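Excluded from the calculations below are hydrogen atoms, water molecules and symmetry mates; all remaining heavy atoms, backbone and side chain alike, are included. Here the structure is a predicted model, which means the values were calculated and not measured. Here is the naming used below: chain letters follow the sequence lines, and residue numbers restart at 1 for every chain.
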There are 2 protein chains.
Amino acid sequence: MQAAIDILDEEGDAGLTFRALAARLATGSGAIYWHVADKDELLAAATDQVIVRFEPQDVERLSPQEAIRALSQGVFDAIDSHPWAGAQLSGNPFQYAVLRILEGLGTQVVALGVPERGRFNAATALLSFMLGLAAQYAVASRHFRDASDRATALRAVAAKWVELDPEQHPFIHHVAPLLPEHDDREQFMAGIDLILAGIDTSR
Amino acid sequence: MQAAIDILDEEGDAGLTFRALAARLATGSGAIYWHVADKDELLAAATDQVIVRFEPQDVERLSPQEAIRALSQGVFDAIDSHPWAGAQLSGNPFQYAVLRILEGLGTQVVALGVPERGRFNAATALLSFMLGLAAQYAVASRHFRDASDRATALRAVAAKWVELDPEQHPFIHHVAPLLPEHDDREQFMAGIDLILAGIDTSR
DNA sequence: ACCTGAACACCGTTCAAGT
DNA sequence: ACCTGAACACCGTTCAAGT
């Protein structure tokens with residue numbers, strides 16, 4: 001598993017092949033199938049490991065809101081440092097890592113005092129938002145290797161957005177300059193806070 | 001494009017290969033490359049078409065909240081009837097279809113009276129949530145062909161969740177029975193409403 | 001019980017050659 | 001300007017054969 005994670009971190013999604021993993025482990029490619037059913041299972045297991053590593057400690061001491069924020073930051077950091085995990089999470093919402101996240105969120109939603117029938121929707125809304133961001137990160141990592149590549153790409157997208165007809169795309173045109181300088185983490189947490197505020201009014 | 005969409009609808013993501021598309025068009029596989037740069041562009045174009053078809057008419061007559069709900073339902077319906085588009089949307093957040101959705105959302109966020117510095121975050125929060133759901137739908141469509149397959153699979157997941165240790169996974173254990181009977185569309189709109197409520201408090 | 005590595009059945013993409 | 005289709009460089013997966 002660690003060898004797989006190393007390859008994913010170094011080469012990204014496309015770099016992890018059974019042949020590459022076998023070569024790194026100095027074994028035959030077929031050998032991996034003794035330990036893992038297929039590539040999906042391999043990626044799911046790698047993602048689970050990475051997510052668990054970023055789970056916050058002793059959330060019990062925090063208020064429900066603070067706990068949800070801590071959980072969210074953990075997921076963000078996990079995806080931020082292992083973008084391939086973002087692709088896997090959003091591409092496979094029934095894997096164990098997602099279940100763990102949902103469990104953490106759900107427990108805090110209950111603690112928040114959300115009435116029974118609203119709990120499932122509140123917890124899954126937070127989860128869907130996270131997976132949405134996970135997807136965005138995943139694609140970013142596929143397209144450019146490092147942070148400066150990313151900045152350049154965002155500037156390029158922003159330049160394209162500015163050139164759009166302001167009549168037909170007023171919002172995009174107006175918001176384009178924010179794109180290259182915005183802080184992903186801040187944007188992510190702002191979204192979480194928005195949903196938390198919404199949950200608060202629904203009680 | 002229509003031939004590609006037909007294949008995607010009939011066979012799903014995996015069914016669309018250059019060879020299959022060429023066969024359906026009674027041409028050589030290389031010919032497609034004259035019209036399209038690569039597979040990504042093919043999928044992006046197909047997704048754009050499908051999203052545009054589900055864009056609501058005359059949103060101007062609606063209140064901002066109602067307009068956002070109408071836009072959201074359009075995206076939901078598009079993904080619901082063409083799940084492969086969900087995978088493409090969440091896997092490629094800078095494609096034109098996403099830009100169109102963001103433009104629609106942003107315009108309404110402005111109309112809602114959200115102050116300047118909160119607009120980008122509010123609109124992208126709605127977008128990320130939608131893409132998160134898109135990802136969930138996408139995986140669902142990859143794993144089972146029709147609605148009854150899906151229902152069976154959800155029952156299987158729910159059964160697994162119920163069996164989890166209630167000590168370690170109290171929320172999942174408790175919420176499992178809701179899984180097979182919940183309405184995706186309702187859950188999706190509940191999430192949108194939660195974010196709308198949050199946006200409302202942030203003004 | 002676990003590993004080997006050739007073989008199978010595919011892919012996306014390219015490109016010389018055609019019309 | 002557009003099409004053909006063989007060829008290239010890969011994949012994930014299987015499986016008889018080994019240790």
Given atom [atom1] of [X] and atom [atom2] of [N], what is their separation to the nearest angstrom?
| X | N | atom1 | atom2 | answer |
| --- | --- | --- | --- | --- |
| B:Tyr33 | C:dA16 | OH | P | 16 Å |
| B:Lys39 | C:dT13 | NZ | C1' | 12 Å |
| A:Trp34 | D:dT14 | CH2 | C1' | 14 Å |
| A:Ile32 | D:dC15 | CD1 | P | 18 Å |
| A:Asp13 | D:dG12 | CG | P | 11 Å |
| B:Leu42 | C:dT13 | CG | C1' | 13 Å |
| A:Phe18 | D:dG12 | CZ | C1' | 7 Å |

Closest-nucleotide 5' rank along DNA chain D - winner of A:Ala31 and A:Leu16
A:Leu16
Check for a donor-acceptor pair, side chain of [X] on one end and backbone N or O of [Y] on the other, with a separation under 3.5 Å.
| X | Y | answer |
| --- | --- | --- |
| A:Gln95 | A:Ala44 | yes |
| A:Gln187 | B:Asn121 | no |
| A:His35 | A:Ile32 | no |

Counting only heavy atoms not in A:His174, do more than 12 sit closer than 6.0 Å to its NE2 atom?
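Not more than 12 within 6.0 Å, no.
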Starting at the 5' end of DNA chain C, which residue's closest nucleotide do you reach first, A:Arg19 or A:Ala26?
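Of the two residues, A:Ala26 wins.
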In whole angstrom, give me the gap between the P atoms of C:dA17 and D:dC2.
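So the two P atoms sit 22 Å from each other.
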Examine the side chains of A:Gln2 and A:Asp6 and answer whether a donor and an acceptor come within less than 3.5 Å of each other.
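A pair is found: one side chain offers a donor N or O, the other an acceptor, under 3.5 Å apart.
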Pairing check on [N]: which nucleotide meets the Watson-Crick or G-U wobble criteria with it, both distances under 3.5 Å?
| N | value |
| --- | --- |
| C:dC3 | none |
| D:dA17 | none |
| D:dG12 | C:dC8 |

Can you find a side chain N or O atom of A:His35 that sits less than 4.0 Å from OP1 or OP2 on C:dC3?
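Yes, within the criterion.
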